[in-house]
Amino acid sequence: MFNTSGIELTLNKNEDISEVINGTLQILYNVLVTISPTTMWNESCGEQLLDFGRPEKIIIGVMLAIITAVTVMGNTLVVIAVCVVKKLRQPSNYLLVSLAVADLSVAIVVMPFAIVTDLTGGKWLFGQMFCNIFIGMDVMCCTASIMTLCVISVDR
């Protein structure tokens, strides 16, 4: 899950690997642990930590917030249009509503947490259990969107 290729190794620290056998502590061997301060990994959700400046964070945050808002508004309008206009209530348009709902779920459930994670430099702030829930929701919502696109292409 963690890709560590290409990491600079700069700091070295010796650490003893020991084991308690029959109530006595025995040192088995000494291990060299190497840590890089420039490329760190967030062990709670498996993302590489990034360091953005304040202007970059503002630009990235605004752009991602606009994309999320447009996604929510556009998909909501599709669902409302098909539900309100009687001419649009056709089986092929229900597939479009299904796609809009799948994309709406991505915009509401996944994108806000991804934006916060990006703006904090890749640090996951919501805990290990919610990280697993988030990854599951991300995969589920994106798969629903992809599968709906497949069904629409078969229908056409």
Side-chain angles (χ1 to χ4, degrees), residues 1-13 15 31-156:
M1 179 173 186
F2 296 103
N3 181 7
T4 58
S5 61
I7 293 179
E8 292 178 26
L9 303 175
T10 55
L11 296 178
N12 294 327
K13 174 183 144 186
E15 185 173 290
V31 177
L32 182 66
V33 178
T34 321
I35 304 167
S36 170
T38 58
T39 308
M40 298 179 298
W41 289 87
N42 182 1
E43 294 181 16
S44 66
C45 209
E47 292 193 20
Q48 187 174 2
L49 298 179
L50 305 170
D51 189 25
F52 294 121
R54 180 173 287 257
E56 293 168 331
K57 284 183 182 180
I58 292 171
I59 292 170
I60 290 170
V62 167
M63 294 302 294
L64 292 175
I66 289 171
I67 290 170
T68 302
V70 168
T71 303
V72 169
M73 287 186 293
N75 287 306
T76 302
L77 287 175
V78 169
V79 172
I80 290 171
V82 172
C83 291
V84 170
V85 179
K86 286 191 178 193
K87 273 188 165 182
L88 294 177
R89 292 184 196 162
Q90 298 173 2
S92 61
N93 287 342
Y94 287 133
L95 291 174
L96 294 177
V97 169
S98 176
L99 179 63
V101 169
D103 290 342
L104 192 60
S105 67
V106 171
I108 292 173
V109 176
V110 175
M111 291 172 98
F113 298 105
I115 291 171
V116 170
T117 302
D118 287 343
L119 293 179
T120 58
K123 295 177 187 169
W124 184 255
L125 304 175
F126 306 105
Q128 181 65 35
M129 187 170 84
F130 189 70
C131 175
N132 293 332
I133 293 170
F134 170 76
I135 291 172
M137 291 299 294
D138 187 14
V139 170
M140 184 177 63
C141 294
C142 292
T143 303
S145 181
I146 292 168
M147 292 304 221
T148 305
L149 282 172
C150 292
V151 171
I152 289 171
S153 68
V154 168
D155 181 57
R156 302 289 162 153

Exercise. Just wondering, do M147 and V151 contact through their side chains at under 4.5 Å, heavy atoms?
Worked result: no
Exercise. For A144 and A102, which heavy atoms make the closest approach, and how far apart are they?
Worked result: C-CB, 4.1 Å
Exercise. Do I135 and C131 have side chains that get closer than 4.5 Å, going by heavy atoms?
Worked result: yes
Exercise. Which distance, rounded to the nearest 0.5 Å, do you find between the CG of D155 and the SG of C150?
Worked result: 13.0 Å
Exercise. How far does CD1 of I115 sit from OG1 of T120, to the nearest 0.5 angstrom?
Worked result: 12.0 Å
Exercise. Looking at OG of S98 and CG of N93, how far apart are the two atoms once the value is rounded to the nearest 0.5 Å?
Worked result: 12.5 Å
Exercise. In Å, rounded to the nearest 0.5 Å, how long is the span from CG of N75 to CD1 of I108?
Worked result: 9.0 Å
Problem set entry | Smallest separation among heavy atoms of A107 and V72, with atom names | CB-CG2, 3.6 Å
For this session: Rounded to the nearest 0.5 Å, what's the gap from OG on S145 to CG on L104? Could you check?
Result: 11.0 Å
Problem set entry | Non-hydrogen side-chain atoms of F126 and F113 separated by less than 4.5 Å | yes
For this session: Could you tell me whether a side-chain N or O of T71 sits under 3.5 Å from a main-chain N or O of I67, the two making a donor and an acceptor?
Result: yes
Problem set entry | Contact check, side chains of V82 and L96, non-hydrogen atoms, under 4.5 Å | no
Exercise. If you round to the nearest 0.5 Å, how far is CE of M63 from CD1 of I58?
Worked result: 14.0 Å
Problem set entry | Candidates V109, N132, V106 - the one meeting side chain to side chain contact (heavy atoms under 4.5 Å, CB included) with M137 | V109
